[in-house]
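Working notes, beginning with the structure itself.
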Amino acid sequence: MKSIYKNIESSILKGEKLLAVLIDPDKMKLEQLSGFMLKLNQSVTTHVFIGGSRVNAQATDNLVKEVKKYTHLPIVLFPGDVNQISDQADALLYLSLISGRNPEYLIGKHVLAIPRLLEMDLEIIPTGYLLIDGGKKTAVESVTATKSLPQENTQDIINTAKAGEFLGMKLIYLEAGSGANIAVAPEIISSVKAYVDIPIIVGGGIRTKQQLDLAYKNGADLVVIGTAFEEDDSFFDELKK
Ligand code: 1GP
């Protein structure tokens, strides 16, 4: 049932805010997973995202299978590369790195992924992915050989997001990078929200409930948090249902 995107849209209509926990197959130890998932299930988390910048071919598939044992929440692939596709997940963010100018990450990897995707029944969600300067060089920048957009160039960020929407993308992802020192500024989120008519995902460097609420208040429809839970899963306790 390909309903993940529709459910995001209907949550927005109902004024509900969404939270995705990002699990990186490269960092999560399978023996830690059951305790982590127990806390996740007791929290307000609505989605599990799985992905990372540098992941072994089999690791994504193995992790998705394990995560499925512990939760009924939708599992969405957030792939750093073509090898991070698993038919065990529910949906795939088909990310085009529109902040960059590397053709491989705008369209090249997407073409390479097609033979595998045609064999699977994943819900494909075209996503305009914008890397925004989070105060330190991120893995995405190194791997994709692109530069992030400076936070002060708000108009450029807005124009890029709007171009993504006009190209037919269904989501805009404002990404400060995993473990960013500076999260995407509230003013950037609210400016993009004012111009863009598709759901907005915000992630990178969000470590507190206060930052999470600020992102929501300024227009983030779905927030992604990875590092804060990886470093200390007691953060889930602050986000109990
Ligand atoms: C990274 O946006 C996600 O791709 C989450 O970032 O790990 O900093 O929470 P953090």
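Just so you know, ligand 1 is whichever comes first in the structure, and atom 1 is the first atom listed for that ligand.
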Show the distances, to 0.1 Å, for all pairs joining an N/O atom of ligand 1 and a protein N/O atom that are shorter than 3.5 Å, listing one pair per line.
unit_1	atom_1	unit_2	atom_2	d
ligand 1	2 (O)	Tyr173	OH	2.9
ligand 1	2 (O)	Glu175	OE1	2.8
ligand 1	2 (O)	Glu175	OE2	3.2
ligand 1	2 (O)	Gly204	N	3.1
ligand 1	4 (O)	Glu175	OE2	2.5
ligand 1	6 (O)	Gly204	N	3.3
ligand 1	7 (O)	Ser178	OG	2.9
ligand 1	7 (O)	Thr227	N	2.8
ligand 1	7 (O)	Thr227	OG1	2.5
ligand 1	8 (O)	Gly179	N	2.7
ligand 1	8 (O)	Gly205	N	2.8
ligand 1	9 (O)	Gly226	N	2.8
ligand 1	9 (O)	Thr227	N	3.4

Gln84: side chain to side chain donor-acceptor pair (under 3.5 Å) partners, not counting sequence neighbours: none
Other residues, nucleotides, ligands: >12 heavy atoms within 6.0 Å of Lys6 NZ: no
Counterpart residues, side chain to side chain donor-acceptor pair (under 3.5 Å), relative to Glu231 (two or more places apart): Arg207
Presence of salt bridge, Lys147 and Asp133, under 4.0 angstrom: no
Candidate list Asp61, Thr60, Asn62, test side-chain hydrogen bond (donor to acceptor under 3.5 Å, both in side chains), partner Ser86, passing option: Asp61
Set of side chain to side chain donor-acceptor pair (under 3.5 Å) partners for Thr227, sequence neighbours left out: Ser178
